[in-house]
Amino acid sequence: MPRFIVITGGVLSGLGKGVTTASIGKILQSKGFSVVPIKIDGYLNTDAGTMNPYEHGEVYVTDDGGEIDLDIGHYERFLNMDLGKENNITTGSVYGEVIRKERRGDYLGKTVQVIPHITNEIKQRIMRVAKKANRDFVLIEVGGTIGDLENMVFVEALRQLAAENPHKFLFVHVTLVPTIVSGEHKTKPTQRSVRELQSLGIQPNVIICRADKELSKNIKEKIALFCSVPKNSVISNPNVESLYEIPLIFEEQGLSDIIFKHLNLKPRAQDLRKWRQLVKRSKYPHGEITIVIVGKYAHLEDAYLSIKEALHHAGIKNDVRVNIKWVEAEDIEDAGPEKYLRDADGVIVPGGFGARGTEGKISAIQYVRENKIPFLGICYGLHMAVVEFARNVCGMKGANSTEVDPKTPYPVIDLLPEQKKTSEKGGTMRLGAYKCEIKRGTTAYKAYGKTQILERHRHRWEVNNKFRKRLEAKGLIISGINKDRNLVEIIELRNHPYFIASQFHPEFKSRIERPAPLFDALVRAATPLSK
Ligand code: GLN
């Protein structure tokens with residue numbers, strides 16, 4: 001039977017529970033243990049697929065086509081593992097399943113209730129993932145804040161599981177320790193939220209305190225006393241430059257010893273040496289470049305979290321700090337690209353949906369193509385690059401994606417015939433990992449170093465095969481295709497330092513220990529030798 005670590009949050013949301021969970025996992029891995037994470041979300045959506053990135057940050061995509069909470073991305077990046085739909089449990093998916101079972105008559109005429117039917121469903125799901133993964137540790141992050149009505153039933157299910165499996169559970173509570181004007185750290189919110197957790201029948205074993213700086217010994221002792229945890233089990237989580245430092249900070253405070261002691265385990269020798277080196281490289285790079293991201297949710301960095309991380313990873317590998325400048329595509333429509341892109345070492349046009357801002361993206365792409373600025377287009381970015389090329393190089397006036405202009409004379413980006421038939425929102429996307437075959441001798445081949453790759457998708461529209469010949473005749477190179485369905489996956493240009501766009505999202509598979517090849521190559525191209 002594995003050990004379970006449950007991570008809850010208190011005081012307020014947005015304290016980085018996802019990163020905390022991932023960091024605990026990293027430490028355990030570094031001590032020779034295997035882990036599997038599960039994210040619990042209290043919302044009623046079945047998954048994050050229909051959620052607006054303005055409200056909830058990026059929709060993360062897994063190999064199996066899961067459209068998932070962005071915390072799963074933190075887990076994959078820290079733990080260097082591929083996860084899937086079953087690693088995310090939402091209220092919507094649990095209730096949906098219980099209601100289906102009720103309709104099927106599985107409950108044999110019993111009154112179906114939150115306790116025990118919903119709680120049992122939650123417990124079964126957790127145990128199913130645990131059993132299938134067969135790891136030493138199961139990490140369970142409970143989204144939201146303790147006291148929210150939304151996550152009560154999950155907390156109750158976890159309390160029951162812990163009571164049924166004594167000595168197998170450890171509870172970690174993440175809280176905020178604010179600073180007041182005098183510079184003093186205040187512990188009352190932490191005390192209150194631990195009380196709240198205790199009133200639900202859970203005594204935390206470790207308290208991790210987010211604060212602007214390290215907590216003093218005094219403050220740690222005060223929290224320990226009021227919250228009934230040992231003094232060494234109050235861990236400081238101060239502001240840091242790079243998220244990847246957090247496992248190191250926890251370990252300096254002896255977190256793994258506390259975990260092993262509580263769960264009666266002996267660590268197997270290993271350490272975080274390689275991780276420490278990567279973090280050091282990220283903090284003291286030898287150069288600096290600026291990548292401009294022309295997007296639609298540009299003021300909300302969480303909407304492009306994985307791109308930000310992928311650039312960070314590529315920066316570490318290439319020994320440069322990557323400064324990101326976010327530009328709203330609509331601003332380029334108003335003022336032209338020159339003003340925003342003049343100083344860019346590289347430009348990314350990321351994924352997106354809908355017509356707003358597309359003309360700004362297209363003029364940004366024209367600018368980087370003509371001025372030979374390294375460019376990476378992702379998904380919608382590929383669509384816009386094809387539209388730009390069709391209009392300005394092939395002379396197809398008014399070319400567009402039918403997503404933007406259904407009546408365009410040149411629908412170079414279009415829905416596949418089978419997609420046109422269904423009108424269901426959320427149901428017809430090409431989702432998850434698909435094979436892509438790369439042509440030898442291309443920029444894409446140089447980046448990946450192989451001909452067969454597997455990358456993640458989330459889109460409905462595709463390059464229209466009817467126009468392929470005309471685009472290729474004018475110099476567009478189709479360097480990656482999905483052979484099974486004859487779909488364009490990568491395009492690029494010759495006579496340009498780096499101009500490439502992918503139908504898939506390479507950012508979802510980027511890891512600090514293994515940067516995504518297309519980002520790595522972008523950063524390399526954007527780093528002049530003198531930087
Ligand atoms: N809106 C485009 C489509 O649905 C691109 C989606 C994306 O960029 N993820 O095909």
Side-chain angles (χ1 to χ4, degrees), residues 47-54 56-63 65-68 70 73 293-298 300 302-308 310 328-329 347-362 364-365 375-388 390 399-406 408 411-434 436 455-465 467 480 482 485 487-491 500-510 516 518-519:
D47 59 39
T50 54
M51 290 166 89
N52 178 351
Y54 268 127
H56 202 79
E58 152 184 288
V59 177
Y60 193 77
V61 180
T62 47
D63 275 347
E67 298 176 275
I68 300 199
L70 54 77
I293 300 181
V294 181
K296 202 168 80 169
Y297 312 112
L300 230 175
D302 262 6
Y304 301 119
L305 184 64
S306 294
I307 292 183
K308 207 170 104 184
E328 274 289 334
V347 171
I348 292 179
V349 175
F353 292 83
R356 194 165 63 76
T358 47
E359 290 303 320
K361 292 179 185 177
I362 292 167
I365 294 168
F375 165 74
L376 172 62
I378 299 172
C379 203
Y380 217 24
L382 174 140
H383 295 176
M384 295 304 119
V386 171
V387 169
E388 192 278 324
N400 217 327
S401 161
T402 54
E403 177 176 4
V404 181
D405 176 8
T408 168
V412 286
I413 305 293
D414 200 4
L415 291 174
L416 297 174
E418 60 264 34
Q419 283 167 309
K420 284 184 183 163
K421 285 183 213 131
T422 85
S423 59
E424 194 189 336
K425 263 224 159 55
T428 58
M429 286 217 212
R430 181 144 77 105
L431 274 174
Y434 282 82
C436 166
E455 292 277 15
R456 298 179 187 171
H457 291 248
R458 181 171 185 260
H459 58 100
R460 292 188 179 83
W461 273 264
E462 308 276 355
V463 173
N464 187 341
N465 282 338
F467 290 91
N482 175 279
R485 298 175 62 184
L487 298 170
V488 173
E489 302 284 40
I490 311 176
I491 60 144
I500 198 161
S502 62
Q503 183 60 78
F504 50 79
H505 290 268
E507 69 272 27
F508 291 138
K509 285 179 75 169
S510 190
L518 295 185
F519 282 87

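In this text the structure is predicted, and so the values were computed from the model without any measurement. Just so you know, ligand 1 is whichever comes first in the structure, and atom 1 is the first atom listed for that ligand.
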Protein heavy-atom partner closest to atom 6 (C) of ligand 1 - residue, atom, separation in Å: G352 O, 3.3 Å

Pair R458 + E507: basic N to acidic O under 4.0 Å: no

Which residue and heavy atom of the protein sit nearest atom 7 (C) of ligand 1, plus the separation: C379 SG, 3.0 Å

Which of the ligand 1 atoms, numbered from 1, are nearer than 4.0 Å to a heavy atom of H505: 9 (N)

Nearest non-hydrogen protein atom, atom 10 (O) of ligand 1: W461 N, 2.7 Å

Close side-chain approach of F519 to I307, heavy-atom, < 4.5 Å: yes

Region of R458 that comes within reach of ligand 1 [heavy atoms, distance under 4.0 Å]: backbone

Minimum-distance protein heavy atom relative to atom 3 (C) of ligand 1: R460 N, 3.4 Å

Side chain proximity check, Y380 to K296, heavy atoms < 4.5 angstrom: no

E462 to ligand 1, any heavy atom closer than 4.0 Å: no

Ligand 1 contact by M429, heavy-atom criterion under 4.0 angstrom: no

Residue pair P506 / I378: nearest heavy atoms and the distance that separates them: CD-CG2, 4.1 Å

Test side chain to side chain donor-acceptor pair (under 3.5 Å) applied to S306 and E58, step by step: CA-CA 8 Å; S306 294; E58 152 184 288; 2.4 Å; yes

Side-chain heavy atoms of R485 within contact of L416, under 4.5 Å: yes

Identity and separation of the nearest protein heavy atom to atom 2 (C) of ligand 1: E403 OE1, 3.1 Å

Option among H459, K361, Q503, E462 that satisfies the side-chain hydrogen bond (donor to acceptor under 3.5 Å, both in side chains) test with H383: Q503

